[in-house]
K.L.:
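Have a look at this one before I ask anything.
Ligands are counted one by one from 1 in listed order, and the atoms in each one are counted from 1 as well. Along the sequence shown, residues are numbered consecutively beginning with 1. Any value given below was found using the heavy atoms of this structure, including those in side chains, with hydrogens, waters and symmetry copies removed.
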Amino acid sequence: MAKGLKREQSAKLFEKAKTYFPGGVNSPVRAFKSVGGTPLFIEQGKGSRIWDADGNEYIDYCCSWGPLILGHCHPAIINKVKKTIDNGMSFGAPTRLENELAELILKNNPHIDKMRFVSSGTEAVMSAIRLARGYTKRNKIIKFDGCYHGHSDSLLVKAGSGLVTFGVSSSAGIPEAFARETIVLPLNDKKAVKAAFEDYKNDIACIIIEPVPANNGLLLQKRAFLEFLSDICAAKGSLLIFDEVISGFRLGFTGAAGYYNVQPDIVTYGKIIGGGMPVGAYAARNEIMKLISPDGNVYQAGTLSGNPVAMSAGIAQLTECLKKDFYKDLEAKTKRLVDGIMAAELSDESFRIFSIGSIFWPAFTHRKEITQSSQIDAGSMEKFKKLHAALLERKVYLGPSGYEVGFISAAHTDKDIDITIKAFREALQIALD
Ligand SMILES: *Cc1c(COP(=O)(O)O)cnc(C)c1O
């Protein structure tokens with residue numbers, strides 16, 4: 001645990017929280033289990049900065065796990081949300097704000113015709129899978145080891161033994177019968193995908209992938225692999241789902257589909273789309289979306305779907321993202337950070353930062369490329385733990401796990417980044433010691 005960092009208030013709040021919530025949290029990674037010590041309770045955010053309950057200030061690279069691409073409290077979002085709230089929080093009836101956000105997205109994205117708003121990434125993916133099954137009238141789905149798609153039953157499944165086997169559930173409470181409908185394959189492995197299609201011929205409804213896998217390190221895939229997935233799905237009558245809950249509006253306004261120029265059949269969004277409010281969405285071409293109720297017989301609904309306050313935050317945020325050079329500037333900042341840190345003379349060569357767009361992943365590894373989760377050295381997480389603690393002492397906040405990526409927002413200034421480079425270099429000396 002970081003010494004020199006005041007954590008009395010956070011520690012007190014955490015003790016209380018443990019009496020209210022399992023592990024003291026409402027989402028597991030927040031408990032700081034993998035880095036040790038007390039989670040920081042956050043009181044406030046502004047721009048690139050956050051403040052904890054003990055008054056410590058940090059430069060934030062977690063950004064609420066990705067949604068806050070404009071940083072904290074961007075005035076455009078705050079103003080729009082305040083105006084909307086004055087008219088009421090929710091109606092359970094259509095509002096013009098849903099049209100506005102959908103129009104903003106669909107007009108600027110050639111990969112999708114129609115969409116449906118939901119309230120989380122998990123819900124978006126769960127609905128997309130149902131839609132793929134409804135459309136193809138098939139049951140099995142293929143997912144990849146090292147991709148996270150939220151916590152719905154059919155996706156909390158990990159690889160069984162053998163190259164192509166059905167999965168086993170990765171959480172208690174999921175019937176094995178459900179897990180058997182999910183086939184889990186290694187990323188970046190065409191052979192395994194072909195073998196799965198041979199074994200389960202006409203029963204594969206879809207392949208789902210994070211086109212930029214960023215929930216278990218950053219396992220960058222080649223365009224050719226994504227293209228291969230699209231081709232094999234087309235040939236076999238299966239659908240390709242791009243889970244763009246992280247990469248959507250992050251790699252560019254059209255996400256990974258646009259970045260790699262590969263056309264998925266269904267896309268899921270979350271995180272950035274809601275400007276910090278709980279929003280998810282799934283989208284596809286008309287021919288597929290027309291199966292969703294009330295047009296079609298694939299049922300999906302939500303009391304707070306398209307919530308006006310959440311739509312407002314999304315509209316304000318995505319409007320900023322569409323401004324000229326928005327993504328170019330973010331990428332330049334990320335490059336400044338990564339190059340600045342990697343220019344350090346380190347005591348050994350076992351550290352790298354993988355990055356794409358404005359996503360970065362600090363990893364303790366000798367490998368120049370990591371494309372599969374099996375290539376991540378679990379033992380190296382001890383070094384991450386030291387890095388994390390040393391960075392906190394130097395007022396730099398990364399998500400509390402070495403398997404998580406960092407995010408740069410438009411609010412991060414060159415000065416923030418230069419401070420971070422210095423802090424990182426010092427912290428790395430400690431971690432590599
Ligand atoms: C975060 C995430 C999800 C789940 O979204 P929630 O809003 O946490 O339910 C699904 N897929 C990917 C790729 C994600 O990064």
Side-chain angles (χ1 to χ4, degrees), residues 25-31 61-69 115-132 141-158 170-171 182 184 187 206-221 226 229 240-251 254-257 259-260 262 264 266-283 300 302 304-307 310-311 313-314 317 354 356-361 373 399-401 403-407:
V25 290
N26 287 298
S27 196
V29 72
R30 297 179 195 172
Y61 291 96
C62 177
C63 296
S64 191
W65 303 104
L68 305 184
I69 198 167
M115 61 194 304
R116 170 64 63 83
F117 288 117
V118 294
S119 300
S120 72
T122 295
E123 213 187 325
V125 172
M126 182 184 76
S127 311
I129 297 277
R130 185 182 303 141
L131 175 56
I141 65 173
I142 291 178
K143 83 174 277 282
F144 295 95
D145 183 29
C147 288
Y148 176 70
H149 302 292
H151 65 90
S152 66
D153 284 347
S154 40
L155 292 158
L156 280 187
V157 174
K158 60 183 185 223
S170 59
S171 162
T182 302
V184 185
L187 281 160
C206 63
I207 297 180
I208 182 163
I209 187 170
E210 283 180 83
V212 175
N215 275 288
N216 186 64
L218 184 62
L219 307 174
L220 295 174
Q221 302 297 293
L226 300 174
L229 296 180
L240 177 62
I241 304 177
F242 272 5
D243 180 356
E244 301 233 37
V245 171
I246 282 190
S247 54
F249 313 101
R250 171 63 65 180
L251 288 198
T254 54
Y259 186 92
Y260 290 113
V262 172
I266 307 177
V267 192
T268 57
Y269 298 112
K271 301 198 166 102
I272 291 173
I273 199 175
M277 296 289 289
V279 182
Y282 58 102
Q300 187 274 311
L304 292 174
S305 293
N307 172 270
M311 293 293 106
Q317 174 143 288
F354 297 95
I356 185 169
S358 49
I359 306 173
F360 66 95
W361 178 46
S373 57
S401 158
Y403 291 94
E404 301 288 354
V405 297
F407 299 98

K.L.:
Under 4.5 Å between any side-chain heavy atoms of L187 and P213, yes or no?
P.N.:
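Contact flag for L187/P213 side chains = yes.
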K.L.:
Only heavy atoms of G121, strictly under 4.0 Å: list the atoms of ligand 1 that pass.
P.N.:
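Ligand 1 atoms under the 4.0 Å threshold to G121: 4 (C), 5 (O), 6 (P), 7 (O), 9 (O).
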K.L.:
For S120, counting its heavy atoms only, list the atoms of ligand 1 lying under 4.0 Å from any of them.
P.N.:
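Selected atoms, number and element: 7 (O), 9 (O).
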K.L.:
Any donor-acceptor pair under 3.5 Å linking the side chain of Q317 with the backbone of G274?
P.N.:
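No, Q317 side chain to G274 backbone: no donor-acceptor pair under 3.5 Å.
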K.L.:
Using atom types as modelled and distance alone, determine if a side-chain donor or acceptor of R250 lies under 3.5 Å from a backbone N or O of G66.
P.N.:
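The answer is yes, because a donor-acceptor pair under 3.5 Å joins these two groups.
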K.L.:
In this structure, does ligand 1 have an atom that sits under 4.0 Å from one of the heavy atoms of K271?
P.N.:
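The answer is yes, since K271 has a heavy atom less than 4.0 Å from ligand 1.
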K.L.:
Kindly confirm or rule out an N or O of T122 lying under 3.5 angstrom from an N or O of ligand 1.
P.N.:
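Yes; at least one N/O pair falls below 3.5 Å.
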K.L.:
Please tell me if the side chains of I141 and S154 come closer than 4.5 Å, counting only heavy atoms from C-beta onward.
P.N.:
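Touching, per the 4.5 Å side-chain cut-off.
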K.L.:
Among protein heavy atoms, which lies nearest atom 3 (C) of ligand 1, and at what distance?
P.N.:
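The protein heavy atom lying closest is V245 CG1, 3.8 Å.
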K.L.:
Counting each atom of ligand 1 from 1 as listed, which ones have a heavy atom of I246 under 4.0 Å away?
P.N.:
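Atoms satisfying the 4.0 Å criterion: 15 (O).
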K.L.:
Establish, from distance only, whether the side-chain atoms of Q300 and Y282 form a donor-acceptor pair under 3.5 Å.
P.N.:
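Yes - a donor-acceptor pair under 3.5 Å links their side chains.
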K.L.:
Quick one: does H149 get an N or O within less than 3.5 Å of an N or O on ligand 1?
P.N.:
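No, since none of the N or O atoms of H149 sits under 3.5 Å from an N or O of ligand 1.
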K.L.:
Return the orientation label for the Y61 and F360 ring planes: parallel under 30°, perpendicular over 60°, tilted otherwise.
P.N.:
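Geometry flag for F360 against Y61: perpendicular rings.
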K.L.:
Does the side chain of Y403 come within less than 4.5 Å of V29's, by heavy atoms?
P.N.:
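They are not in contact (no side-chain heavy atoms under 4.5 Å apart), so the answer is no.
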K.L.:
Would you mind checking which non-hydrogen protein atom is closest to atom 11 (N) of ligand 1, with the distance to 0.1 Å?
P.N.:
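Result for atom 11 (N) of ligand 1: D243 OD2, 2.7 Å.
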K.L.:
Any idea which atoms of ligand 1 are less than 4.0 Å away from a heavy-atom of N215?
P.N.:
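In order of number, 12 (C), 13 (C), 14 (C), 15 (O).
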K.L.:
Looking at E210, which atoms of ligand 1 are within less than 4.0 Å of one of its heavy atoms?
P.N.:
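Taking each heavy atom of E210 in turn, ligand 1 has 13 (C) under 4.0 Å.
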